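If you're wondering where the values come from, they're calculated on a predicted model, not measured in any experiment.
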Amino acid sequence: MSFSGEVKEELVRLENDARHCQIAELAVILVYAGAIKTDASGRPYIELQSDAPYVASRCGMLFDRLFHTALPAGPNGSSLSLSKNDICVIKKALEAIKYKEGDRLVHPLVIKSLCCKRAFLRGAFLSVGSISNPEKGYHLEFVCSDAAQAEQLVETLLFYEIRAKIVVRKKYHVVYIKESEEIVELLNVIGAHISLMNLENLRILKDMRNAVNRRVNCETANITKTVNAASKQIDDILYIKEHYGFDNLADNLRMMAELRLEYPDASLKELGGYATPAVGKSGVNHRLRKLCELAEKLRGELV
């Protein structure tokens, strides 16, 4: 199962006892992902425009709790139907969510309180939301049918200081969040606490892995830099030995040249420890730089 499916499966099982919150969640499901239709025989039914069973399951549960009416799923698992005798239930539902024909937004009074806004966002995620596999990247989105729905979602998210953006994708308006911290906050708001912990664990592992990789890369770069510098120093010292001679060097430079040839892999600090008397890192660096300058000067004179 995908991570998005795991989140929705957790939300479907979530208990929600407050009637006004149940109405808010039902409202967004019916408005964002549903339609009231009539079949060929004139029987009214609710069609959920989603290919996932989570929406139908949650919607059925909400109808059962709010109106004490069981809504059997259709053959494809994404539609719910009512008999002719239960048409009054549809009317009760539409009255409860303050729905008027053609509405594309959830009525503001239905999601007036903060707890109802949470229920609204939960229903919106179940209906038109998805989240990518956090092992590959952080991306959560809501695919809305029009700009007004997208704006309603963005405004509701801001109540919880979750900043989302909107992009037009084909005929849809997509509300998306890419910051992992804000995705975590949204999962907390809608009540997906198990999924939140799973995501946090993955974030920790990714951060640790990235930190280790950065450290390894840094150490590798430093080692490469040290090896290249030592190789250049040895080349310069050998050139001095052949074209100038160690006997012509000052004692401190001759000692450092001999130490570098004897310990080609040693660091500057280690070279200083081999000297008699011991020399600090800056002193070793100064002497090696003097040898390098002498080698360059000799090369220039011999050209």
Examine distances only and state if a side-chain atom of His286 and a backbone atom of Ser282 form a donor-acceptor pair shorter than 3.5 Å.
no
Where Val284 and Leu268 come nearest, the two heavy atoms and their spacing
CG2-O, 3.6 Å
Please determine which of Leu157, Ile162, Val28 meets the side chain to side chain contact (heavy atoms under 4.5 Å, CB included) test together with Leu121.
Leu157
How long is the span from the CD atom in Glu135 to the CG atom in Leu199, to the nearest 0.5 Å?
10.5 Å
Among residues at least two apart in sequence or on other chains, which ones pass side-chain contact (heavy atoms from CB on, under 4.5 Å) with Arg169?
Glu141, Val174
Go through the steps to decide whether Glu161 and Glu182 satisfy the test side chain to side chain contact (heavy atoms under 4.5 Å, CB included), and finish with yes or no.
CA-CA 8 Å; Glu161 298 184 357; Glu182 298 197 333; over 6 Å; no
Applying side-chain hydrogen bond (donor to acceptor under 3.5 Å, both in side chains), can you list everything that pairs with Lys178, at least two apart in sequence or on another chain?
His139
Checking side chain to side chain contact (heavy atoms under 4.5 Å, CB included) for the pair Ile111/Gln152: CA distance, chi angles, key distance, verdict?
CA-CA 11 Å; Ile111 53 173; Gln152 186 176 45; 4.0 Å; yes
In Å and rounded to the nearest 0.5 Å, what is the CZ to OH distance from Phe142 to Tyr32?
9.5 Å
Closest heavy-atom contact between Leu202 and Pro134?
CD1-CG, 3.4 Å
Atom CD of residue position Glu179 - does it have more than 12 heavy atoms of other residues, nucleotides or ligands inside 6.0 Å?
no
Using modelled atom types only, decide if a donor and an acceptor are shared between the side chain of Asn217 and the backbone of Asn213 within a distance under 3.5 Å.
yes
Out of curiosity, Glu9 CD to Leu126 CG, how far, rounded to the nearest 0.5 Å?
11.5 Å
Is Ile194 atom CD1 crowded by more than 12 heavy atoms from other residues, nucleotides or ligands, each under 6.0 Å away?
no
Who passes ring-ring contact (aromatic ring centres under 6.0 Å, His included) against Phe125, sequence neighbours left out?
none
Might you point out which heavy atoms bring Ser145 and Arg104 nearest each other, and give the distance in Å?
OG-NH2, 2.7 Å
Heavy-atom check, side chain of Gln233 versus side chain of Arg289, under 4.5 Å
no
Taken in chain and number order and not counting sequence neighbours, the residues that satisfy side-chain hydrogen bond (donor to acceptor under 3.5 Å, both in side chains) with Glu151 are none
Has Tyr172 got more than 12 heavy atoms of other residues, nucleotides or ligands less than 6.0 Å from its OH?
no
side-chain contact (heavy atoms from CB on, under 4.5 Å) filter on Arg118, not counting sequence neighbours, yields Tyr160, Val189
Say whether, by atom type as modelled, one donor and one acceptor occur between the side chain of Arg163 and the main chain of Val154 under 3.5 angstrom.
no
Is the backbone N or O of Gly129 less than 3.5 Å from a side-chain atom of Lys8, with the two atoms forming a donor-acceptor pair by type?
yes
For the side chain of Asn285 and the backbone of Lys281, is there at least one donor-acceptor N/O pair under 3.5 Å apart?
no
Does one hydrophobic cluster hold both Leu140 and Met197, with members joined at side-chain heavy-atom distances below 4.5 Å?
yes
Please check this pair: side chain of Asp103 against backbone of Lys100, looking for a donor-acceptor N/O pair closer than 3.5 Å.
yes
Give the C-alpha distance, both sets of side-chain angles, the deciding distance and a yes or no for side chain to side chain contact (heavy atoms under 4.5 Å, CB included) between Glu25 and Met61.
CA-CA 11 Å; Glu25 189 172 344; Met61 180 272 288; 5.8 Å; no
Determine whether a donor-acceptor pair (N or O, by modelled atom type, separation under 3.5 Å) exists between the side chain of Asn248 and the backbone of Tyr244.
yes
I'd like to know if the side chain of Arg19 and the backbone of Leu66 have a donor-acceptor N/O pair within less than 3.5 Å.
yes
Within one Ile-Leu-Val-Met-Phe-Trp-Tyr cluster: Val143 and Ile29, side-chain cutoff 4.5 Å
no
CG (Asp265) and OG (Ser231) are apart, to the nearest 0.5 Å, by 10.5 Å
I'd like to know if Asp251 pairs up with Arg254 as an ion pair, taking the criterion as any Lys NZ or Arg NE/NH1/NH2 lying under 4.0 Å from an Asp or Glu carboxylate oxygen.
yes
Between Cys115 and His20, the two heavy atoms sitting closest are SG-CE1, 3.4 Å
Could you see if Ile190 belongs to whatever hydrophobic cluster contains Leu114? Use Ile, Leu, Val, Met, Phe, Trp, Tyr and a side-chain cutoff under 4.5 Å.
yes
Looking only at heavy atoms, which two atoms of Val184 and Leu196 are closest? And how far apart?
O-CD1, 3.3 Å
Return yes when atom CZ of Phe159 has more than 12 non-hydrogen atoms of other residues, nucleotides or ligands closer than 6.0 Å, and no otherwise.
no
Any pair counted as ring pair (Phe, Tyr, Trp, His ring centres under 6.0 Å), so long as it reaches residues 187-210, sequence neighbours left out:
none
Taking atom types as modelled and ignoring hydrogens, do the side chains of Glu6 and Ser195 form a donor-acceptor contact shorter than 3.5 angstrom?
no
Please enumerate all residues that pass side-chain contact (heavy atoms from CB on, under 4.5 Å) together with Ala148, with sequence neighbours excluded.
Leu105, Asp146
Provide the full list of salt bridge (charged side-chain N to carboxylate O under 4.0 Å, His left out) pairs with a residue in residues 218-242, sequence neighbours left out, each pair given once.
Arg215-Glu219, Lys232-Asp236, Lys232-Glu296, Asp236-Arg299
Rounded to the nearest 0.5 Å, the OH atom of Tyr54 sits from the CG atom of Leu11 at a distance of 10.5 Å
Looking at Ser4 and Ser130, would you say the former's side chain and the latter's main chain have a donor-acceptor pair under 3.5 Å?
no
Is there a continuous path of hydrophobic side-chain contacts, each under 4.5 Å between heavy atoms, that joins Tyr176 to Val168?
no
Sorted by chain and number, sequence neighbours left out, ring-ring contact (aromatic ring centres under 6.0 Å, His included) with Tyr138 holds for none
Are Lys91 and Glu95 within salt-bridge range, i.e. N to O under 4.0 Å?
no
Using a 3.5 Å distance criterion without hydrogens, assess whether the side chain of Arg287 forms a donor-acceptor pair with backbone atoms of Leu291.
no
Closest approach of Ala24 and Ala119, non-hydrogen atoms and distance?
CB-CB, 4.2 Å
Does Met255 belong to the same Ile/Leu/Val/Met/Phe/Trp/Tyr cluster as Leu238, with side-chain heavy atoms less than 4.5 Å apart forming each link?
yes
Say you draw a straight line from NE2 of His107 to NZ of Lys112; how long is it, rounded to the nearest 0.5 Å?
11.0 Å
For Glu258, salt bridge (charged side-chain N to carboxylate O under 4.0 Å, His left out) partners two or more places apart
none
Check which hydrophobic residues are tied to Val212 through side-chain heavy-atom contacts below 4.5 Å, counting indirect links as well, and list them.
Val216
Go through the steps for Phe246 and Leu253 under the test side chain to side chain contact (heavy atoms under 4.5 Å, CB included), then give the verdict.
CA-CA 9 Å; Phe246 282 179; Leu253 294 182; over 6 Å; no
State which residues pass side-chain contact (heavy atoms from CB on, under 4.5 Å) with Tyr263; sequence neighbours excluded, sorted by chain then number.
Leu259, Ala266, Leu271, Tyr274
